[in-house]
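Just the heavy atoms: all of them, side chains too, but no hydrogens, waters or symmetry mates, feed the values below. We name chains A, B, ... by the order of the sequence lines, and we start the count at 1 in each one. Computed from a predicted structure; not experimentally measured.
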Amino acid sequence: MASWLMKSEPEEFSIDDLKRVKREPWTGVRNYQARNFMRDDMKVGDTVLFYHSNCDEPGVVGLARVASKPYDDPTQFNPESHYYDPKSDPDNARWQMVDIAYKRRFKRTLSLQTLKANAGALGDFALTRRGNRLSVLPVSAEQLATILELEKQTD
DNA sequence: GCCAACGTTGGC
DNA sequence: GCCAACGTTGGC
């Protein structure tokens with residue numbers, strides 16, 4: 001079973017929003033590499049680290065899981081949507097996504113700062129690689145274990 | 001196919 | 001709000 005990290009701006013959609021709605025279609029990803037992870041590599045049941053970006057304290061704030069197989073992101077066909085993509089052919093859609101289901105919220109944010117401070121234990125981590133802006137990225141089993149251990153320490 | 005211009009992400 | 005580090009677009 002693989003694990004992933006998925007970023008969301010809490011002002012747009014936070015871990016508390018996910019807790020409330022239980023399950024959410026991960027619409028709006030418009031980066032090919034991030035799409036490929038969802039479309040080609042995610043499996044139902046995979047662990048998701050839910051990450052808050054563009055906020056006071058960026059970091060991992062909880063856990064979710066992949067709750068659906070990949071399917072076409074409906075927002076790409078909706079001219080009213082911020083994520084509308086007029087170049088996407090409905091018969092051969094450009095953007096796929098998965099649903100994410102709430103698992104649990106961390107008591108405290110495991111901050112980006114803490115993750116960077118533990119760069120040694122985390123090894124080569126896509127999140128902290130120089131210049132990385134991917135909103136969906138892979139997490140190794142070792143990295144997941146390290147992060148869950150760090151969560152206990154910061155409780 | 002090159003590459004300048006432009007748009008976006010996201011930490012700070 | 002700034003800006004580095006990207007990714008994308010489109011003229012040629």
Side-chain angles (χ1 to χ4, degrees), chain A residues 2-21 24-42 46-66 70-100 102-103 105-140 143-144 146-151 153-155:
Chain A
S3 35
W4 309 90
L5 183 144
M6 296 172 86
K7 298 178 186 174
S8 185
E9 301 190 13
E11 286 190 16
E12 296 294 321
F13 188 82
S14 73
I15 185 75
D16 294 317
D17 293 325
L18 183 62
K19 183 176 184 178
R20 194 178 62 250
V21 301
E24 179 76 3
W26 209 250
T27 56
V29 171
R30 295 293 180 268
N31 170 281
Y32 289 106
Q33 213 180 336
R35 177 209 65 185
N36 290 349
F37 286 135
M38 291 198 287
R39 187 191 64 185
D40 303 335
D41 299 321
M42 281 191 181
D46 280 0
T47 298
V48 173
L49 296 168
F50 198 102
Y51 181 94
H52 281 173
S53 67
N54 242 321
C55 55
D56 285 348
E57 193 184 23
V60 179
V61 291
L63 298 180
R65 64 183 163 77
V66 176
Y71 61 102
D72 293 349
D73 180 341
T75 63
Q76 70 195 303
F77 304 125
N78 177 6
E80 307 293 308
S81 170
H82 176 62
Y83 301 115
Y84 179 54
D85 183 351
K87 292 181 184 168
S88 183
D89 173 4
D91 294 325
N92 186 19
R94 188 179 285 195
W95 305 110
Q96 285 75 39
M97 51 162 219
V98 297
D99 290 355
I100 296 301
Y102 177 78
K103 207 182 249 178
R105 193 196 202 296
F106 287 178
K107 287 181 189 142
R108 290 175 37 189
T109 299
L110 181 52
S111 69
L112 178 62
Q113 196 183 353
T114 302
L115 294 172
K116 283 180 173 171
N118 289 273
L122 286 166
D124 181 29
F125 191 19
L127 180 71
T128 49
R129 256 177 235 155
R130 180 172 161 275
N132 192 291
R133 301 177 309 161
L134 272 180
S135 63
V136 177
L137 52 95
V139 178
S140 74
Q143 287 161 349
L144 177 65
T146 301
I147 286 167
L148 294 178
E149 201 53 43
L150 287 171
E151 183 216 351
Q153 291 172 21
T154 53
D155 252 358

Undergrad: Work out how much the helix from dG1(B)-dC12(C) to dC12(B)-dG1(C) bends between its end axes, five pairs an end, to the nearest 10 degrees.
TA: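 For the helix from dG1(B)-dC12(C) to dC12(B)-dG1(C), the axes at opposite ends meet at about 10°.
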
Undergrad: Taking for each residue the nucleotide of DNA chain C with the nearest heavy atom, is it G131(A) or Y32(A) whose nucleotide lies nearer the 5' end?
TA: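 On the 5' side of the pair lies G131(A).
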
Undergrad: Show every ring-ring contact (aromatic ring centres under 6.0 Å, His included) that has at least one partner inside residues 77-97 of chain A, sequence neighbours left out.
TA: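 Every ring-ring contact (aromatic ring centres under 6.0 Å, His included) pair that includes a residue of residues 77-97 of chain A, provided the two are not neighbours, is Y32(A)-W95(A).
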
Undergrad: R30(A): what forms a side chain to side chain donor-acceptor pair (under 3.5 Å) with it, not counting sequence neighbours?
TA: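 Once residues adjacent in sequence are excluded, the partners of R30(A) under the side chain to side chain donor-acceptor pair (under 3.5 Å) criterion are D73(A), T75(A).
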
Undergrad: Among T114(A), D56(A), V61(A), which residue satisfies the side-chain contact (heavy atoms from CB on, under 4.5 Å) criterion with T109(A)?
TA: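 Option passing the side-chain contact (heavy atoms from CB on, under 4.5 Å) with T109(A): V61(A).
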
Undergrad: Sequence neighbours left out, what passes side-chain contact (heavy atoms from CB on, under 4.5 Å) with K116(A)? Give chain and number order.
TA: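 Scan of K116(A) (side-chain contact (heavy atoms from CB on, under 4.5 Å), adjacent residues dropped) gives L112(A), T128(A).
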
Undergrad: Sequence neighbours left out, what passes side-chain contact (heavy atoms from CB on, under 4.5 Å) with Q143(A)? Give chain and number order.
TA: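 Applying side-chain contact (heavy atoms from CB on, under 4.5 Å) to Q143(A) gives L122(A), F125(A), V139(A), S140(A).
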
Undergrad: Scan nucleotides 7-12 of chain B nucleotide by nucleotide, 5' to 3', and note B when protein non-hydrogen atoms come under 4.0 Å of the base, S if they reach only the sugar-phosphate, - if neither.
TA: BBBBBS

Undergrad: Apply salt bridge (Lys or Arg N to Asp or Glu O under 4.0 Å) to E57(A) and list each qualifying residue two or more places apart in sequence or on a separate chain.
TA: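 Counting only residues at least two positions away or on another chain, E57(A) forms no salt bridge (Lys or Arg N to Asp or Glu O under 4.0 Å).
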
Undergrad: Between R130(A) and dC6(C), is there a contact of a side-chain N or O with OP1 or OP2 at under 4.0 Å?
TA: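 Checking dC6(C) against R130(A), a side-chain N or O does come within under 4.0 Å of OP1 or OP2.
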
Undergrad: Checking D16(A) now: which residues fulfil side chain to side chain donor-acceptor pair (under 3.5 Å) with it, not counting sequence neighbours?
TA: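 D16(A): side chain to side chain donor-acceptor pair (under 3.5 Å) contacts with R105(A).
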
Undergrad: List the residues meeting ring-ring contact (aromatic ring centres under 6.0 Å, His included) with F50(A), not counting sequence neighbours, and say none if there are none.
TA: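 Counting only residues at least two positions away or on another chain, F50(A) forms a ring-ring contact (aromatic ring centres under 6.0 Å, His included) with W26(A), H52(A).
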
